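A quick write-up on the structure given underneath.
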Amino acid sequence: MHRRILAPGALAAASLLLAIPASAASYAPGAPGIGDPYYPYYGNGGYDVSHYDLRLQYQPATDELQGTATILARTTEDLSRFDLDFLLDVSEVRVNGAKAAFVTSGQHELEITPKTPLAKGTPITVVVRYSGVPSTKSAYGFSTWHRTPDGAVAADEPEAAWWWFPSNDHPLDKATYDVSVAVPDGTQALSNGTLQSTSSKLGWTRYSWRQNKPQATYLATLAVGKFDITTSTSEGGVPVVNAYSKDLGDNDGAARASVERTGELVDWLSGYFGPYPFASAGGYVPNTTTGYALETQTRVYYSPKQFGNGSNASVVVHELAHQWYGDDVSLKGWKDIWINEGFARYAQWLWSEHEGEGTTQELADYVYASHPADDPFWTVAPGDPGPDNQFDAAVYDRGALAVQALRNEVGDDAFFAILKGWPKEHAYGNASVADFRKYAEQVSGKPLGTLFDTWLFQPSKPSAPAARAASVAKPAAAPVRPRSWKKIEATNDVHGR
């Protein structure tokens, strides 16, 4: 047996160790993902963001972006370090005023080690200074930063933030935003919410935008270019800001004829979904080569290609419906995408009925009859489609079919009460498909487990008897295509990258 003899210095060190609270052992790195099985490394663990303050400068000629992001958050566990999702080049990070160490890891992780560990419940202010050329950055083999002839656009789903600001990039962590962008005189900068101020100095004009309601990171947008900006107020009192690139060419007229109806359509949708939930509405059409549209909160992004065959109010209805279903109430996990897309598609069906171009029931019958039992369409489960099928046409069309089946099961009174009550029930928060089923059962007083399972989760076509019971299919006959179908179908790829 050997006795270890400790020198006085070692005894002092041992005493110091004993003086450290036992809880210190609990400090650990925050997870590099928020826990979404579809995208394991999207978002981060250990903290919750309440506000992003982004002060940026962008030069369209070179695609150079400089920025300072100030992020207000609170820790949700004892942290030795934490991650942000980001791709640009970082020069300095501070946490609560003190310089912090940082390194990059994985495809898009910025690992930050504060000077001292952070206890659970600690308010933190994270300042990140950065710069870079976003168009030179990619992750997982793609980029969501789109250069245009006179600027650039950040708008994509399920990710877009990494290319222009550091964030906790998952819809579960919603926050408010101040976005201030300096661009060369003669160029404009658009973002979400309301324009707070503009100022010019030494050849640069700064635009400061504010989103005062919680917003998911993928719904934050930045557009820089030379725009024709229109402002108005809807009959219901909602301020509307729309913008059109000055080089849209032949698509210009059709784009304006569609997007300028935003105020009218916001008011119309309010009749189904309740009061518009944000301080402004609108959209912008930049000169991009992409083909999709996206429900970026209060300022919808539209590709010019959406109007290549003429005006299409249906796509505007789709994206505006998301302001309630997807933006106001956001999904808990990406598997819950049906709550976004099924209801936005169903809003198009309601618009079709309003326009006399096909009732919701006729559209449901058409979708059901158009896909035989062996069509892969029925193998996609809108209630949990998997990351590869997240934006499959079935999520939209079978998703809307499920909404019609719900309507027929519970009756119009309960159905429209659900449609309007849901955004109020979960205003500015997050919810899942399971939450929606529970709410629909509560409002209707009916058990809906079998209906939800049949229409949202079974990888097969519901049987004819089940379909007839839900009044969603007519006896076998050549389906009659409603007049609205072409315009509705044109939005099937609204989120295709």
Side-chain angles (χ1 to χ4, degrees), residues 171 174 176 192-194 211-216 219 232-241 261-283 295-300 313-332 336-355 360 399-400 402-404 406-446 448:
K174 299 166 75 168
T176 55
N192 312 83
T194 57
Q211 175 56 271
N212 67 346
K213 298 297 183 184
Q215 174 175 279
L219 297 172
S232 61
T233 302
S234 79
E235 191 174 12
V238 178
V240 179
V241 179
R261 299 186 69 179
T262 293
E264 169 200 351
L265 296 174
V266 163
D267 288 349
W268 179 77
L269 285 164
S270 295
Y272 288 102
F273 300 151
Y276 182 71
F278 304 117
S280 72
E295 64 270 19
T296 38
Q297 192 163 308
T298 70
R299 196 110 312 110
V300 173
S314 186
V315 71
V316 181
V317 168
H318 182 103
E319 301 306 332
L320 291 178
H322 277 309
Q323 303 305 304
W324 287 265
Y325 281 77
D327 295 11
D328 179 9
V329 184
S330 300
L331 42 74
K332 280 184 177 177
D336 300 309
I337 192 67
W338 169 71
I339 295 179
N340 294 22
E341 301 305 344
F343 286 86
R345 174 53 52 87
Y346 195 76
Q348 293 177 271
W349 289 14
L350 289 168
W351 178 250
S352 168
E353 187 165 287
H354 173 77
E355 293 291 277
T360 61
V403 178
Q404 181 67 26
L406 172 65
R407 177 180 177 178
N408 293 330
E409 177 70 19
V410 303
D412 277 7
D413 288 348
F415 175 75
F416 288 112
I418 293 165
L419 211 58
K420 186 173 288 186
W422 174 255
K424 183 179 179 181
E425 180 79 4
H426 294 278
Y428 310 116
N430 299 78
S432 66
V433 173
D435 293 328
F436 185 86
R437 173 191 155 187
K438 181 180 178 181
Y439 181 72
E441 289 178 331
Q442 173 189 325
V443 173
S444 68
K446 291 191 172 188
L448 298 170

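As a basis for the values below, the full set of heavy atoms in this structure was taken, side chains included, without hydrogen atoms, waters or symmetry mates. All values derive from a computational prediction rather than experimental measurement.
- When all heavy atoms of Val300 and Glu319 are compared, the pair lying nearest together is CG1-CB, 3.5 Å.
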**Item:** Chi angles and distances behind the side-chain contact (heavy atoms from CB on, under 4.5 Å) call for Val240, Thr233
**Value:** CA-CA 6 Å; Val240 179; Thr233 302; over 6 Å; no
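- Looking at Ser314 and Gln348, their side chains do bring a donor and an acceptor atom within 3.5 Å of each other.
- With hydrogens and angles disregarded, no donor-acceptor distance shorter than 3.5 Å links the side chain of Arg345 to the backbone of Gly399.
- If you take OH on Tyr325 and CD1 on Ile339, they are separated by 9.0 Å, rounding to the nearest 0.5 Å.
- Rounding to the nearest 0.5 angstrom, the gap separating the CG atom in Leu406 from the CZ atom in Arg437 is 12.0 Å.
- Between Glu235 and Asp267, the closest heavy-atom pair is N-OD2, 3.1 Å.
- Looking at residues two or more places apart in sequence or on another chain, you find a ring pair (Phe, Tyr, Trp, His ring centres under 6.0 Å) between Trp349 and Tyr346.
- Under a 4.0 Å N-O distance rule, the pair Glu264/Arg261 qualifies as a salt bridge.
- Side chain of Lys213 to main chain of Tyr428: no donor-acceptor pair is present (N/O by atom type, distance under 3.5 Å, no hydrogens or angles).
- Between the CD1 atom of Ile418 and the CD atom of Glu441 there is a distance of 9.5 Å, given to the nearest 0.5 Å.
- Ring to ring, Tyr276 and Trp324 are close: their centroids are under 6.0 angstrom apart.
- Close placement of the Trp351 and Trp268 rings is indicated, their centers lying within 6.0 Å of each other.
- Counting only distance, with no hydrogens or angles, the side chain of Asn192 and the backbone of Leu219 share a donor-acceptor pair below 3.5 Å.
- By the side-chain hydrogen bond (donor to acceptor under 3.5 Å, both in side chains) test, Ser432 is found to be paired with Asp435, residues two or more places apart in sequence or in another chain being considered.
- Taking CG of Leu350 as the start and CD of Glu355 as the end, the distance is 12.0 Å to the nearest 0.5 Å.
- Minimum interatomic distance between Val329 and Ala431 (heavy atoms only, all atoms of both residues): CG1-CB, 3.9 Å.
- Of all non-hydrogen atoms in Ala216 and Gln297, the two that sit nearest each other are N-OE1, 4.4 Å.
- Partner Ser330 forms a side-chain contact (heavy atoms from CB on, under 4.5 Å) with one of Lys174, His426, Gln215 and no other, that one being Lys174.
- One side chain, Glu341 or His318, offers a donor N or O that lies under 3.5 Å from an acceptor on the other.
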**Prompt:** Going through the checks in order, is the side-chain contact (heavy atoms from CB on, under 4.5 Å) test met by Val266 and Phe278?
**Reply:** CA-CA 11 Å; Val266 163; Phe278 304 117; over 6 Å; no
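- Between the side chain of Ser234 and the backbone N or O of Val238, at least one donor-acceptor pair lies under 3.5 Å.
- In this structure, OH on Tyr439 lies 8.5 Å from CH2 on Trp422, to the nearest 0.5 angstrom.
- Pairing each heavy atom of Ala279 with each of Asn212, the nearest pair is CB-OD1, 4.2 Å.
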**Item:** Working for ring pair (Phe, Tyr, Trp, His ring centres under 6.0 Å), residues Tyr272 and Phe343
**Value:** CA-CA 11 Å; Tyr272 288 102; Phe343 286 86; over 10 Å; no
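- Between Arg407 atom CZ and Asp413 atom CG the span is 10.5 Å, to the nearest 0.5 Å.
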**Request:** Begin with the C-alpha distance, continue with both residues' side-chain angles, and end with the deciding distance and a verdict on side chain to side chain donor-acceptor pair (under 3.5 Å) for Gln211 and Thr176.
**Result:** CA-CA 6 Å; Gln211 175 56 271; Thr176 55; over 6 Å; no
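- Other residues, nucleotides and ligands place more than 12 heavy atoms under 6.0 Å from the CG atom of Asp412.
- Ala427 is linked by a side-chain contact (heavy atoms from CB on, under 4.5 Å) to Asp328, counting only residues two or more places apart in sequence or in another chain.
- When side chains are defined from C-beta on, Val433 does not count as touching Phe436, because their heavy atoms never get closer than 4.5 Å.
- Taking the ring centre of Phe273 as origin, the terminal cationic atom of Lys420 falls outside the region bounded by 6.0 Å and 45° from the ring axis.
- At a threshold of 4.5 Å between non-hydrogen side-chain atoms, the residues Asn430 and Leu331 do not count as touching.
- Applying the 6.0 Å contact sphere to NZ of Lys446 captures more than 12 heavy atoms from other residues, nucleotides or ligands.
- Across all non-hydrogen atoms, the minimal contact from Gly193 to Ser280 is O-OG, 2.7 Å.
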